[in-house]
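What you see below is based on every heavy atom in this structure, not just the backbone, and it leaves out hydrogens, waters and symmetry mates. Source: prediction; values computed, not measured. Throughout, protein chains are lettered first and strands after them, A, B, ... in sequence-line order, and every chain is numbered starting at 1.
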Amino acid sequence: MEPGPELEREIQERWEREDLLGKVRERNRDGPIFYFLDGPPYASGSIHLGTAWNKIIKDAVNRYRLMRGYRVRLQPGWDCHGLPIEVKVEQEVLSDEIECKKDIEEKVGVDRFVEKCKEFALKHVEIMTEQFKRLGVLMDWDHPYMTLDNEYIEGAWYTLKRAHERGLLARDVRIVNWCPRCETALADHEVEYKEIEDPSIFVLFPVEDDSEAEVDLPDNAALLIWTTTPWTLPANLAVAVHPEEEYVLARAEVNGEEWHLIVADKLKVVLSAVADSYEIVDRFPGEALEGVRYRPALWDEVPRLRELHGENDRVHRVYTAEWVTMEEGTGCVHVAPGHGEEDFELGREVGLPPHCPVAEDGTFTEEGGRYEGLYVRDANERIIEDLREKGLLAHEDTVRHRYGHCWRCKTPIIYRATEQWFLKVTEVKDEMLDWIERVEWIPEWAGHSRFRDWVENARDWCISRQRYWGIPLPVWECEECGHLEVVGSLDELKEKARELPDGEPDLHRPWVDRVILECPECGGEMRRVPDVLDVWVDSGVAAWASLGYPRRRDEFEEWFLKEGSCRPEDEEAGADFITEGHDQTRGWFYSQLGCGVITFGACPYRTVLMHGFTLDEEGRKMSKSLGNVVDPMDIVEEYGADTLRWYVLRSNAPWRDMHFSWRDVRDTHRALNVLWNAYRFTKMYSELDGFDPEEHPLEELEEHLQPEDRWLLSRIHTLVREVTDAMERYHVHEAARALYEFVTEDLSRWYIRLVRERVWLERDDPRKLAVYAVLYHAFDRLVRLLNPIVPHVAEHIYRDLLRGEDDPESVQLLDWPEPEEGWIDEELEEAMETVRDAAEAALSLRQRAGVKTRWPLRRLFVEVEDPERLEDLRDVLARVVNVKEVELGERFEEKVPVARPRPDKIGPEFRDLAGRIIRHVEEHSEEVARAILESGEYRTEVDGEEIILTEEHVEIEERLPEGWASAEFEGGRVYLYTEMDEELRREAWAREVIRRVQEMRKELDLDLEERIEVWIDGDREVLEAVREHRDEIAREVRARELSLEAPPEDCDLEREWEVEDRSIVIGLRRGA
RNA sequence: GGGCCCGCAGCUCAGCCAGGUUAGAGCGCGGGGCUGAUAACCCCGAGGUCCCGGGUUCAAAUCCCGGCGGGCCCA
């Protein structure tokens, strides 16, 4: 067994069989409330890496909270309605029958269509549930909240009713984003901007009459306008100019005709595009143009424009507007009140109708004149052609720009004036902004900067959709008097209904469409407004709808109101924790805030962790077309869910986008193996020795604890402190990283390396029992800390190594560990750091000197500022560096000071004698140096003259004595004596022999404890070494007999080794 | 055009909020070593204008201002 899919499946089965969820619940039944609210993933596909990351973060937080004793709400959620599913059903399930939206009602029937949508959603809920389970996510998968449940729908209805009561629900004609394929309005957050190419044309609108304006224009004057949507020209009703900006009148020849063109001064550069040359003949401010009447360019092609021109004197005139930009175009803006937000507002101010000759499906109506029946984007070409023929096309080009598309079907949207339903969030915006400050955001800027910016710019929320699969708008309208009723629940519906349709009530269409109310005002028939709701309302109400509120109060009281201890507007109310990607800034964070403020006057969540996106290694979005999509299930199948979990949690801070890397996944998997090996090491030896942690508690072995034991105990409790702190702050990545470092660096690479020899001691040696006790103690804490991050491996180690008979079945049922301050020894940890650095430096000296670690050396001197600090760890150093003696001191006294002459100083001063003085210093460098160091000067006689040298004349350096090497490390310097004497060499040979025998044992696949017979032959030095260390060798290789002669024919394995140019022959025979 | 985030080794990222050793780690690469938890591990080496330019300061990867590049969101 090893960490991976097989192990995980087994553990997951056990969780299920033993009802872990039930036991967790039972354990925390009376604990404090932690209302985690799952942001509902959309039930239309399978999970991707981002969804996996999202749920893994959630699971880590929840598992942590559970261990701390919280009663955590573990309900998963599913977003089941909406256009995306409708589109899939249209295109995948019923593609034979549906070509356009009409077919849904006429060919398929709303009944069947909705049924298919429901099936589709439920099927994907099932698929995705299995995938989430496979990740080891501990949730109540059998009892999710689904936005398609009646009870849930009532939650949304309730909010709409509250909005209506507060005057925040409005029906209004407005410009909306419209998808001509889906034939519905879209909210701003459902529009996706993509770069596309569009025509860019300059068009002449000939001036007809300037009598209402200040300016005096010649007969052939024309407004020059620019547009990238020629198809909106049939709806042109006005031109806007900037009141303060300067405009020019330019004489120019366009298409062989002379015109006087009107453009903004700042944009007159466009004139060179429409004419070879031009001459400016007049200038005036924009406001002077106000009132100029012109003829729209499509005068002949669109009769309706002529009609409007005749009927309404306000139509086809120039108006002023502050929003006219001098950055592109001509400064004369074509205004179509039926196709643009600003156009619409302007029209409303000056009295223009929101004329819109485009139907729901994006084709021109009868009002589109000769373009009737054409799809708007197809009409562009025809319109341009017509303009050209009439000589009114001044210039034609194309432009690449960002244009809105339907987020689901990717069709370019159009703006249309339609009657829609709105939540007037602009009226509660200040309240919403206040709430942003009262929520805890991780990171801080997610809320106080990014989200605030979005909310500040928010417009009223268009919530109506002209579709089928969604929460029906609970608004009934009287056919007689127009009275509106907003219904807040099924009960209310039953009460107010004239009669209910047959069958089980299903609040979806078409059942609900058949409910007819009686008008309380006039007794007339009331029918439902046929729209459904924007799906973002669905998820926006999750904090109470998932609790069954308002139909039921029990869970709402328990979770939302913390067992009735607070009101919705209090700090403690609502969901305690949510976490989603940064795309949800405008999505779920927003819709919940809006719905919450409307319903309860409060934000329904209290702490938000905003996480990033998963990108590929180069930071690009994962997309099918780039072929860089990583399926989380592939990672799970290859390396296991724990690897994926640990990887995503440690790879970067959650709020940053993750650059996925297979390499790092593999690296993480290796770390998991290191953990696994550490556990197997512990298990293997402790079981071999029949160690029972209950029999040998740490406390009883305290006097036998070695410095490294105390160090590991200190480390594990420091780790408990760090991980706890990180989890409390939701900085899950810090926890994952600290654990990774501990497992690989501290536990495996340092502690186990240090105690390896001790586990070979005799069975009941207390120093060995201390190792086991320490390891058990550490693992007991470690598996708890690991559980939120790698629950499968943590569980396995717990059950296999730690769990006693009366202990809980799962690590998840244990308490989160508390740091035991008594074990924490920060000084020791720091000292060990220094020792590790010193060891590293010493090992590198060995390498440079060409002395393998296996060969023992005599002396190591460590020069540090505060040597006493390392006193207890001298033995650790000796073992790691393999030296007989470690000395500590502030200064390595055996260094020899030497003096180097400085010709540049000696020369000028001593002139002729300089050469000889320099030679003298070189020859007596030690002597000179010592004298100067001791008395400040060195006196000698050269050529009969007494000369005095001071530190000024020489450089004092220090030389190492023969046989020593030295290296610096952080905090000090190490000195290593690298020469070996005969005794050390014999010991080294003994080690070489042991190592070879061990390798041969391994080759024979012997049992760890199995006895053997050994023959060794080799040269004199080798044999002497073996003779001298005979007992030690025999013990370590478990030899019953060790002969210093050539192996006999009938031994089990014979091998000749070449070591350091000598040959050693070794033979092994298994002991009977 | 606005808001936010990011920019450091070939790659993935720490360090920046709270300025102060010689800017670190892992992976990858080259070399060497170790071997009874080893499909591990250890050591060494190469590899950096900390995006650019100003400013503040005794001192800037870190703070401030202005650019540039990338991402997300908005217009």
**OP:** Looking at every strand, decide which applies to A/Glu840 at a 4.0 Å heavy-atom threshold: base, sugar-phosphate, or nothing.
**Re:** sugar-phosphate
Subject >> A/Asn457 CG - B/C4 C1' separation (whole Å) >> reply: 12 Å
Subject >> Separation of the P atoms in B/A75 and B/U12, to the nearest angstrom >> reply: 32 Å
**OP:** Looking at every strand, decide which applies to A/Phe613 at a 4.0 Å heavy-atom threshold: base, sugar-phosphate, or nothing.
**Re:** nothing
**OP:** Grab the CZ-C1' distance between A/Arg680 and B/G36 for me, whole Å please.
**Re:** 12 Å
**OP:** Sequence neighbours left out, what pairs pass salt bridge (charged side-chain N to carboxylate O under 4.0 Å, His left out) with at least one residue falling in residues 644-659 of chain A?
**Re:** A/Asp59-A/Arg645, A/Arg650-A/Asp667
Original post:
Is there a donor-acceptor pair closer than 3.5 Å between any side-chain N or O of A/Tyr647 and the backbone N or O of A/Ser661?
Top reply: yes
**OP:** Give the nucleotide from the list B/G2, B/C42, B/C4 with an atom nearest to the side chain of A/Trp445.
**Re:** B/C4
**OP:** Side chain of A/Arg450 only, please: which of B/G36, B/A14, B/C72 is the nearest?
**Re:** B/C72
**OP:** Between A/Arg991 and A/Arg459, just flag the one whose closest nucleotide in RNA chain B comes earlier from the 5' side.
**Re:** A/Arg991
Original post:
When you check the side-chain N and O atoms of A/Asp198 and A/Thr228, is any donor under 3.5 Å from an acceptor?
Top reply: no
**OP:** Please measure how far the P atom in B/U49 lies from the corresponding atom in B/C41, and state the result in whole Å.
**Re:** 30 Å
Subject >> A/His659 vs B/C11: side-chain N/O to OP1/OP2 distance below 4.0 Å >> reply: no
Subject >> Identified pairing partner of B/C27, criterion: Watson-Crick or G-U wobble below 3.5 Å >> reply: B/G10
**OP:** Figure out the NE2/P separation between A/His405 and B/C73, and round it to whole Å.
**Re:** 15 Å
**OP:** For A/Trp655 and for A/Ser651, find the nucleotide of RNA chain B with the closest heavy atom, then tell me which residue's nucleotide is more 5'.
**Re:** A/Trp655
**OP:** Under a 3.5 Å limit for both distances, which nucleotide forms a Watson-Crick or G-U wobble pair with B/G48, could you say?
**Re:** none
Original post:
Does any N or O donor sit under 3.5 Å from an N or O acceptor when you compare the side chain of A/Thr682 with the base of B/A37?
Top reply: no
Subject >> C1' spacing across the pair B/A60 / B/C51, given as an integer number of angstrom >> reply: 16 Å
Original post:
How many Å lie between CD on A/Glu757 and C1' on B/G36, as a whole number?
Top reply: 13 Å
Original post:
If we take the C1' atom in both B/G55 and B/A46, what is their distance in whole Å?
Top reply: 37 Å
Original post:
For B/G1, which nucleotide is its Watson-Crick or G-U wobble mate, given both distances must be under 3.5 Å?
Top reply: B/C74
Subject >> Exercise: do A/Tyr679 and A/Asp800 side chains pair donor with acceptor under 3.5 Å >> reply: yes
Original post:
For A/Ser748, which contact category applies under a 4.0 Å heavy-atom criterion: base, sugar-phosphate, or nothing?
Top reply: base
Original post:
Does B/A37 have a Watson-Crick or wobble mate here (both distances under 3.5 Å), and if so which one?
Top reply: none
Original post:
Considering only the C1' atoms, how many Å lie between B/C64 and B/U21, rounded to the nearest integer?
Top reply: 26 Å
**OP:** Using Watson-Crick or G-U wobble geometry with both distances below 3.5 Å, tell me the partner of B/U62, or none.
**Re:** none
Subject >> Crowding at CD, A/Glu865 (>12 non-hydrogen neighbours, <6.0 Å) >> reply: no
Subject >> Pairwise P distance, B/C68 and B/U56 [rounded to whole Å] >> reply: 23 Å
**OP:** Could you please name the option among B/A14, B/C5, B/G3 that lies closest to any side-chain atom of A/Arg737?
**Re:** B/A14
Original post:
Would you say B/A37 has OP1 or OP2 under 4.0 Å from some side-chain N or O of A/Tyr679?
Top reply: no
Original post:
Between A/Tyr415 and A/Trp178, is the gap from one ring center to the other below 6.0 Å?
Top reply: no
Subject >> Nucleotide B/C73, atom P - distance to NE2 of A/His448 in whole Å >> reply: 22 Å
**OP:** Would you kindly give the CG-to-P distance between A/Asp746 and B/C41, to the nearest whole Å?
**Re:** 15 Å
**OP:** Specify the separation, in whole Å, of atom CZ of A/Arg1035 and atom C1' of B/G36.
**Re:** 16 Å
**OP:** Check every atom of B/G36, B/C13, B/G3 against the side chain of A/Arg656 and return the nucleotide holding the closest atom.
**Re:** B/C13
Original post:
Using the P atom in both, what is the distance from B/C11 to B/G3, to the nearest Å?
Top reply: 31 Å
Subject >> Rounded C1' spacing from B/C50 to B/G69 in Å >> reply: 16 Å
Original post:
Would you say the side-chain atoms of A/Glu992 and A/Trp1057 include a donor-acceptor pair closer than 3.5 Å?
Top reply: no
Original post:
Which part of the nucleic acid, if any, lies within contact of A/Arg452, taking any heavy atom under 4.0 Å across all strands shown: a base, the sugar-phosphate backbone alone, or nothing?
Top reply: nothing
Original post:
Between B/C5, B/A37, B/C72, which one does the side chain of A/His582 approach most closely?
Top reply: B/C72
Original post:
How does each nucleotide of nucleotides 22-29 of chain B score, in 5' to 3' order, for protein heavy atoms under 4.0 Å: base (B), sugar-phosphate only (S), or none (-)?
Top reply: B---SS--
Original post:
Any donor-acceptor pair under 3.5 Å linking the side chain of A/His611 with the backbone of A/Pro654?
Top reply: no
Subject >> G-U wobble or Watson-Crick pairing nucleotide for B/U56 (cut-off 3.5 Å, both distances) >> reply: none
Enumerate donor-acceptor pairs with a distance under 3.5 Å from any side-chain N or O in residues 668-675 of chain A to protein atoms, sequence neighbours excluded.
| unit_1 | atom_1 | unit_2 | atom_2 | d |
| --- | --- | --- | --- | --- |
| A/Thr668 | OG1 | A/Asp664 | O | 2.7 |

**OP:** Verify whether one side chain among A/Thr834 and A/Arg869 offers a donor that lies under 3.5 Å from an acceptor in the other.
**Re:** yes
Subject >> Nearest-angstrom distance from the residue atom CG of A/Leu754 to P of B/C34 >> reply: 19 Å
